[in-house]
Amino acid sequence: MAYTTIAGDTWDSVSRTVYGSELQAGFLMEANPAFLNVFRFDSGTELETPELPAAKDGLAPPWKFEG
């Protein structure tokens with residue numbers, strides 16, 4: 001999946017648009033290392049927007065998620 005920026009987009013705003021939360025901005029940045037030096041995007045930049053990893057429910061011990 002990809003997202004094409006509009007002028008003025010930031011990592012936080014793209015994260016909110018794509019994932020519904022600014023808290024995923026770090027994940028979005030990891031998926032687009034070529035643009036890490038950009039704070040505010042111009043229009044037309046295509047960013048990769050991979051699906052978020054499955055959420056952990058917090059009930060199982062951490063060692064259950066490793067592997």
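Here the structure is a predicted model, which means the values were calculated and not measured.
Tracing side-chain contacts under 4.5 Å through hydrophobic residues (I, L, V, M, F, W, Y), one never reaches Leu23 starting from Met29; they form parts of separate clusters. Phe41 and Leu36 fall within a single hydrophobic cluster, where Ile, Leu, Val, Met, Phe, Trp and Tyr side chains are chained together by heavy-atom contacts under 4.5 Å.
The distance from atom OH of Tyr3 to atom OG1 of Thr17, rounded to the nearest 0.5 Å, is 4.5 Å. For the atom pair CD of Glu48 and CD of Glu30, the computed distance is 14.5 Å after rounding to the nearest 0.5 Å. We find the CD-OH distance between Glu51 and Tyr19 to be 8.5 Å, quoted to the nearest 0.5 Å.
The main-chain N or O of Gly44 is never found under 3.5 Å from a side-chain atom of Thr4 such that the two would form a donor-acceptor pair.
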### Message
Between Leu47 and Val14, is the side chain to side chain contact (heavy atoms under 4.5 Å, CB included) condition met? List the steps.
### Response
CA-CA 9 Å; Leu47 299 175; Val14 174; 4.1 Å; yes
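Arg40 meets the salt bridge (charged side-chain N to carboxylate O under 4.0 Å, His left out) test with no other residue; sequence neighbours excluded.
With a 4.5 Å cut-off on side-chain heavy atoms, Ser15 and Phe27 do not count as touching. Here the side chains of Thr5 and Asp42 are not in contact, with every heavy-atom distance at 4.5 Å or above.
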